[in-house]
Structure formats: C-alpha cells, structure tokens
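Notes for the one structure printed next.
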Amino acid sequence: VTASALGAWHIRPLLPGDRTALAELLATTGAFHASEVDVALDVFDSGVGVGGAPAADPDYHWIGCSVGQALAGCACFGPTPCTDGTFDLYWIATARAHQGRGVARTLLTYVEDEVERMSGRLIVMETSSATGSTAARAFYLSRGYALAAVVRDFYSSGSDRLILSRRMAASRLAIPRRAS
Ligand SMILES: CC(C)(COP(=O)(O)OP(=O)(O)OC[C@H]1O[C@@H](n2cnc3c(N)ncnc32)[C@H](O)[C@@H]1OP(=O)(O)O)[C@@H](O)C(=O)NCCC(=O)NCCS
C-alpha cells in the first residue's frame with residue numbers, strides 16, 4: 001500500500017466488476033480514441049473472463065491501482081505469442097486526477113516483478129510519435145525503456161509508431177527504485 005495525496009492505494013488484479021470504472025478511466029485520459037477503448041474493453045473481457053468467456057485468457061493480465069473505491073490506474077500486459085520470454089505491455093494509464101503521483105511507476109514495477117516471476121526477459125511496448133503521447137514517451141524513457149524501432153507514418157501521415165523495449169534483470173539493476 002502506497003500513500004498519495006489522495007489517500008492510500010494498492011495494486012491488484014482487475015475483476016469483471018471493474019469494467020465500468022476501467023471504461024471511464026480509459027475514456028477520460030483523453031489519450032485513446034473511442035475505438036481504442038472498445039478494443040481495450042474487448043481484450044479486458046477475454047482477459048478476465050467477462051460475458052460468458054469460458055476462461056480468462058492467460059495472454060492478457062489486467063491490473064489496477066485502487067484508491068478507496070476509485071480506480072486510479074490500470075495496466076494490461078502478457079506474454080507475446082510465438083516468443084520465448086518476451087512480454088508486451090499493451091496499455092498503461094492513470095486517471096487524470098491521479099497523474100504525476102507515481103501511480104504508473106508503481107503499476108509498471110508490479111508488471112516487471114510479474115514478468116520476472118514468469119521468467120520473462122524482455123518487455124516491449126508501442127506508442128505514437130504524436131504530441132499527445134509525450135507523457136507516455138517521457139514515462140517509458142524515465143523507467144529505462146529505450147527506443148528500439150520507428151515505423152514512419154504508421155498511425156497516419158506524420159504519426160510514427162515507436163517501439164520501446166527493456167531487457168529485464170541487468171537493466172533493472174541499473175535503475176534505482178524510488179521510494180514512493
Ligand atoms: C503516461 C502516464 C501513464 C503516466 O502516468 P503517471 O501516473 O502520471 O506517471 P508517474 O507519476 O508514475 O510518473 C513516472 C515518471 O514518468 C515521467 N512522466 C510522467 N508523466 C509525465 C509528463 N506528463 N511529462 C513528462 N514526464 C512525465 C516522469 O519522469 C515521472 O517521474 P518523476 O515522478 O520522477 O518525475 C499518464 O500520463 C497517462 O495515463 N497518459 C495517458 C495514457 C497513455 O498515454 N498511456 C501510454 C500508452 S498505452
């Protein structure tokens with residue numbers, strides 16, 4: 001449990017009952033188009049077994065950061081199919097009211113701990129070069145992720161796909177964990 005100006009928070013796996021709060025959180029960051037929120041919710045449904053899905057899909061792990069009854073942040077990650085020890089971080093987001101307080105940093109540390117526990121050796125994520133993603137890029141770079149590739153004009157003309165990655169173990173040792 002970590003203290004923030006808005007109260008104590010804790011990181012936990014997301015459950016089917018978190019769907020509405022997750023939808024609201026993703027929509028209100030302003031970083032995702034409605035279609036991207038829909039995709040995230042579809043992935044959430046299969047990842048946590050919502051809506052009669054036979055079983056939770058082990059390729060998608062959803063975690064959240066709770067502050068009281070509120071959902072302050074979320075992340076989705078999982079093993080990348082057809083790889084040996086590579087994991088994708090598909091989404092990470094912090095509700096506007098909670099940004100700048102270390103929520104995403106705490107979520108990412110939890111993700112990295114889980115990836116190490118599952119013998120992962122590489123975490124990969126993607127973002128766009130559009131100005132709206134400045135915070136995301138700054139966040140990833142601050143956590144030791146490096147630009148691995150650029151696909152020019154991927155999202156639209158002038159908006160590139162940036163692929164960032166970080167090797168586990170050795171690179172983690174190089175980044176001192178900041179006390180929250
Ligand atoms: C990117 C995002 C997840 C960061 O969440 P956050 O909880 O505010 O981040 P933290 O408080 O944990 O910040 C950790 C570090 O990231 C960097 N950072 C975070 N937001 C930043 C910003 N707006 N500008 C510059 N650096 C930033 C800082 O280096 C910060 O370290 P510091 O606290 O020592 O200064 C948040 O801005 C967000 O939800 N954005 C919209 C969704 C998104 O783009 N997600 C990523 C693609 S899936």
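Positions are given from 1 along the sequence. As the structure lists them, so they are numbered: ligands from 1, and atoms in each ligand from 1.
Distances from atom 7 (O) of ligand 1 to the heavy atoms of T94, L89, L108 put T94 nearest. Atom 40 (N) of ligand 1 has its nearest heavy-atom neighbour, among Q99, R96, R137, in Q99.
Contact of the I63 side chain with the Y110 side chain is registered, since non-hydrogen atoms from C-beta on lie closer than 4.5 Å. Inter-residue side-chain proximity for F139 and Y145 is flagged as unmet; no heavy-atom pair is nearer than 4.5 Å.
Residue A93 has at least one heavy-atom neighbour below 4.0 Å for each of these atoms of ligand 1: 39 (O). Interface atoms of ligand 1 facing S142, defined by a heavy-atom separation under 4.0 Å, are 15 (C), 16 (O), 17 (C), 29 (O). Annotation for ligand 1: atoms under 4.0 Å from non-hydrogen atoms of G102 are 10 (P), 11 (O), 12 (O). Residue A31 approaches ligand 1 through these ligand atoms, each under 4.0 Å from one of its heavy atoms: 41 (C), 42 (C), 44 (O). Close approach of ligand 1 to G100 is summarised as follows: ligand atoms under 4.0 Å from at least one heavy atom of the residue are 6 (P), 8 (O), 11 (O). For ligand 1, the atoms lying closer than 4.0 Å to a non-hydrogen atom of A104 are 3 (C), 4 (C), 5 (O), 6 (P), 7 (O), 9 (O), 12 (O). In the vicinity of R105, heavy-atom distances shorter than 4.0 Å reach the ligand 1 atoms 12 (O), 33 (O). Annotation for ligand 1: atoms under 4.0 Å from non-hydrogen atoms of F139 are 14 (C), 15 (C), 16 (O), 17 (C).
No salt bridge links R143 with E112; every basic N to acidic carboxylate O contact stays at or beyond 4.0 Å.
By the 6.0 Å contact criterion, CD on E36 is enclosed, its count of non-hydrogen atoms from other residues, nucleotides or ligands being greater than 12.
Atom-to-atom distance recorded for S46:OG and Y60:OH is 6.5 Å, nearest 0.5 angstrom. Distance check: F77 CZ to I92 CD1 gives 10.5 Å after rounding to the nearest 0.5 Å.
Using a 4.0 Å cut-off between heavy atoms, R101 contacts ligand 1 through its backbone alone, with no side-chain atom that close. Residue-level proximity to ligand 1 for A136 is carried by backbone and side chain together, each with a heavy atom below 4.0 angstrom.
In terms of the side chain to side chain donor-acceptor pair (under 3.5 Å) criterion, residue partners of T80 (sequence neighbours excluded) are, by chain and number, D88. Among residues two or more places apart in sequence or in another chain, the side chain to side chain contact (heavy atoms under 4.5 Å, CB included) test is passed with D59 by D57, P79, P81.
Donor-acceptor pairing under 3.5 Å is recorded for the side chains of S66 and R12.
Every heavy atom of T127 sits 4.0 Å or more from the atoms of ligand 1.
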